[in-house]
Q: 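Questions regarding the structure given below will be posed in turn.
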Amino acid sequence: MEETIEHRTVRVNGINMHVTEKGDGPIILFLHGFPELWYAWRHQFHVFAALGYHCVAPDLRGYGDTDAPPSATSYTCLHVVGDLVALMDSMGGEPVYLVAHDMGAIIGWYLCMFRPEKVKAYACMSVPYRPRHPKMKPVETLKMVFGDDYYICRFQEPGVMEDELKSYETSQVIKKILTDRTPGPACLPKSDPFGLKASNGPLPLPPWLSEDDIKYNVDKFDRTGFTGGLNYYRALDLNWELTAAWAEAQIKVHVLYVVGDEDMVYTTPGFKEYVHDGGFKKDVPLLQQVVVMEGVGHFLNQEKPQECRYHS
């Protein structure tokens, strides 16, 4: 199927961005998370292109065949949203339907906040909008609530997580992250951050992932490393500083939120209450629907692509 998808490179915001496309019609812009690539949306591409949409999925900066500036300060929400706005402008500048997951979902929220006129509607997967805390930076807050081993806290120091990742086969790391069902908060203890030392032999794959899928991702990450993806987390505190002008801002875009009930984000303390008890709706007043998929983990767009198509 992948051979029917078009690949091109677009110059956006000072970098070369690898972009994949399929179909004609209104644009659906898909944003991937960590540690993924445009390839996370392969199933949705074929379905929505057949329904008359123009599907577009870039490798975000730092990933795959897109340029990867070395410094974490080049991965702020302003940089990445700037990339996306330039990409949209290169395709005519019309507003798009937005679909995003994981860290891509966070970028999606920033796009909706900064440029709501660019988004017709937003189908957000896994990560709900969380407003900016007025006094505490995010990493400081996460460390206080979840401890030093919380994955975002462990990602902060340049080079440290990269060195730990090098001690494992890339295929095993990607398999573990994509298939893990451990309830949140997601912690990475220094003794065995991914639980791979305790595993006996290669990790088995679920029916929704193939060895070819793993290989596609491994080939890219073996070439680029993980620094680009990790830099998004290292820019979180800088994002907090840069978005002071948007304090208490609401998201004024029509939103559908979809999450798996076994997602490590959804099972992290505090998230269910925020999503279901009115906080989310207060911050996103045009929230149309919250869909909780039963028996589904974090990477729902790959695990249950047919169901995600129905809900979207």
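Nothing here was measured: the structure is a model prediction, and the numbers come from that model. In this chain, residues are counted from 1 in sequence order.
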Q: Step through the shown structure and confirm whether more than 12 heavy atoms of other residues, nucleotides or ligands are within 6.0 Å of CD on Glu241.
A: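 Yes, because the 6.0 Å sphere around CD of Glu241 holds more than 12 heavy atoms from other groups.
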Q: Tyr274 ring centre to Arg130 NZ or CZ under 6.0 Å, with the angle to the axis within 45°?
A: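 So Arg130 does make the cation-pi contact.
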Q: Above 12 or not: heavy atoms from other molecules or residues under 6.0 Å from CD of Glu162?
A: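 Yes, the 6.0 Å shell around CD holds more than 12 heavy atoms from other groups.
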Q: Hey, are Lys22 and Glu6 close enough for a salt bridge, meaning a charged N less than 4.0 Å from a carboxylate O?
A: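 Salt bridge absent between Lys22 and Glu6.
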Q: Less than 4.0 angstrom from a charged side-chain N to a carboxylate O is my criterion; do Arg181 and Glu303 meet it?
A: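 Glu303 and Arg181: salt-bridged.
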Q: When the ring planes of Trp41 and His101 are compared, do they come out parallel, tilted or perpendicular, using 30° and 60° as the limits?
A: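 Perpendicular.
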Q: Are any of the side-chain nitrogens in Lys220 or Asp65 under 4.0 Å away from the carboxylate oxygens of its partner?
A: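 Yes, this pair counts.
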Q: Within the side chain of Asp102, is there an N or O that forms a donor-acceptor pair under 3.5 Å with the backbone of Phe34?
A: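 Yes.
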Q: Same cluster or not: are Val173 and Val160 linked, directly or through other Ile, Leu, Val, Met, Phe, Trp or Tyr residues, by side-chain heavy atoms under 4.5 angstrom apart?
A: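 In one cluster: no.
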Q: With a cut-off of under 6.0 Å to the ring centre and 45° to the axis, is Arg132 in cation-pi contact with Trp240?
A: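 Here Arg132 passes the 6.0 Å and 45° test against Trp240.
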Q: Between Lys120 and Glu94, is there a salt bridge with N-O shorter than 4.0 Å?
A: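 So Glu94 does not pair with Lys120 through a salt bridge.
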Q: Does Val96 share a hydrophobic cluster with Leu286, counting links as ILVMFWY side-chain heavy atoms below 4.5 Å and allowing steps through other members?
A: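 No, because Val96 and Leu286 fall into different hydrophobic clusters, even though each may have its own neighbours under 4.5 Å.
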Q: Can a donor-acceptor pair be found, under 3.5 Å and without considering hydrogens, that links the side chain of Lys197 to the backbone of Ser191?
A: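 Yes, Lys197 side chain to Ser191 backbone: donor-acceptor pair under 3.5 Å.
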Q: Testing Asp83, Thr66, Asn231, Asn16 one by one against Arg61 for a side chain to side chain donor-acceptor pair (under 3.5 Å), which residue passes?
A: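 Among Asp83, Thr66, Asn231, Asn16, the one meeting side chain to side chain donor-acceptor pair (under 3.5 Å) with Arg61 is Asp83.
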Q: Should the heavy atoms of other residues, nucleotides or ligands under 6.0 Å from CG of Asp24 be counted, would the total exceed 12?
A: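 Counting other residues, nucleotides and ligands, CG of Asp24 stays at 12 neighbours or fewer.
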Q: Kindly determine whether His32 and Tyr63 satisfy ring pair (Phe, Tyr, Trp, His ring centres under 6.0 Å), including the steps that lead there.
A: CA-CA 10 Å; His32 67 81; Tyr63 285 95; 4.6 Å; yes
Q: Salt bridge check: are Asp222 and Lys215 linked by an N-O gap of less than 4.0 Å?
A: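 Judged by the 4.0 Å cut-off on N to carboxylate O distance, Asp222 and Lys215 do not form a salt bridge.
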Q: Does the separation of the ring centres of Phe45 and Tyr39 fall below 6.0 angstrom?
A: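 Distance test on ring centres: not under 6.0 Å, no.
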Q: Any side-chain heavy atom of Asp237 sitting closer than 4.5 Å to one from Pro138?
A: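 Contact flag for Asp237/Pro138 side chains = yes.
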Q: Assess the side chains of Ser210 and Asp212: does a donor N or O sit below 3.5 Å from an acceptor N or O?
A: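 Absent: no donor and acceptor within the cut-off.
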Q: Mark yes when over 12 heavy atoms from residues, nucleotides or ligands other than Phe271 sit less than 6.0 Å from its CZ; otherwise mark no.
A: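 Count over threshold, so yes.
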Q: Working to the nearest 0.5 angstrom, can you tell me the gap between Asp59 CG and Met17 CE?
A: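 Interatomic distance, Asp59 CG to Met17 CE, rounded to 0.5 Å: 8.5 Å.
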Q: So that I know where these two stand, are Tyr232 and Tyr75 an aromatic pair - ring centroids less than 6.0 Å apart?
A: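 Yes, they do, as the ring centres are separated by less than 6.0 Å.
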Q: Mind telling me whether His18 and His7 have parallel, tilted or perpendicular rings, with 30° and 60° as the class edges?
A: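 Answer is parallel, since the angle falls under 30°.
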Q: To the nearest 0.5 Å, how far apart are OG in Ser74 and CZ in Arg234?
A: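 The OG atom of Ser74 sits 13.0 Å away from the CZ atom of Arg234.
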Q: Would Tyr257 and Met125 satisfy side-chain contact (heavy atoms from CB on, under 4.5 Å), going step by step from the backbone distance to the final call?
A: CA-CA 6 Å; Tyr257 174 68; Met125 297 184 178; over 6 Å; no
Q: So does Asp219 pair up with Arg223, basic N to acidic O under 4.0 Å?
A: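 The answer is no: the pair does not qualify as a salt bridge.
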Q: Could you tell me if the side chain of Pro305 sits less than 4.5 Å from the side chain of Val47, heavy atoms only?
A: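 No, every pair of side-chain atoms sits at 4.5 Å or beyond.
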Q: Before we go on, tell me: are the rings of His79 and Tyr110 under 6.0 Å apart, centre to centre?
A: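 They do not qualify: ring centres at least 6.0 Å apart.
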Q: Within this structure, what is the NZ-NZ distance for the pair Lys143 and Lys137, rounded to the nearest 0.5 Å?
A: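 One gets 12.5 Å once the value is rounded to the nearest 0.5 Å.
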Q: Using 30° and 60° as the class boundaries, would you call the ring planes of Phe194 and Tyr168 parallel, tilted or perpendicular?
A: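 The rings of Phe194 and Tyr168 stand perpendicular, inter-plane angle above 60°.
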Q: Please confirm whether Phe226 and Phe221 have ring centers closer than 6.0 angstrom.
A: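 Yes, ring centres under 6.0 Å apart.
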Q: Could you tell me whether Lys175 and Glu211 make a salt bridge, using a distance below 4.0 angstrom between a side-chain N and a carboxylate O?
A: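 Yes, Lys175 and Glu211 are salt-bridged.
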Q: Is the shortest side-chain heavy-atom distance between Cys124 and Val258 below 4.5 Å?
A: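 No. Closest side-chain heavy atoms not under 4.5 Å.
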Q: What distance separates Ile174 CD1 from Asn217 CG, expressed to the nearest 0.5 Å?
A: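 That separation rounds to 5.0 Å.
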Q: Taking the six-membered ring for Trp and the full ring for Phe, Tyr or His, determine whether the centres of Tyr122 and Trp109 are under 6.0 Å apart.
A: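 Yes, close enough.
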Q: Any carboxylate oxygen within less than 4.0 angstrom of a Lys/Arg side-chain nitrogen, looking at Arg154 and Glu164?
A: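 Salt bridge between Arg154 and Glu164, a charged N being under 4.0 Å from a carboxylate O: yes.
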Q: Whether Lys282 and Glu248 form a salt bridge (side-chain N of Lys/Arg under 4.0 Å from carboxylate O of Asp/Glu) is what I want to check.
A: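 A salt bridge is absent here (no side-chain N lies under 4.0 Å from a carboxylate O).
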Q: Is Lys272 salt-bridged to Asp277, cutoff N-O under 4.0 Å?
A: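 Here Lys272 does not pair with Asp277 in a salt bridge, since their nearest N and O are not under 4.0 Å apart.
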Q: Any side-chain heavy-atom pair from Val291 and Leu256 closer than 4.5 angstrom?
A: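 Yes. Closest side-chain heavy atoms under 4.5 Å.
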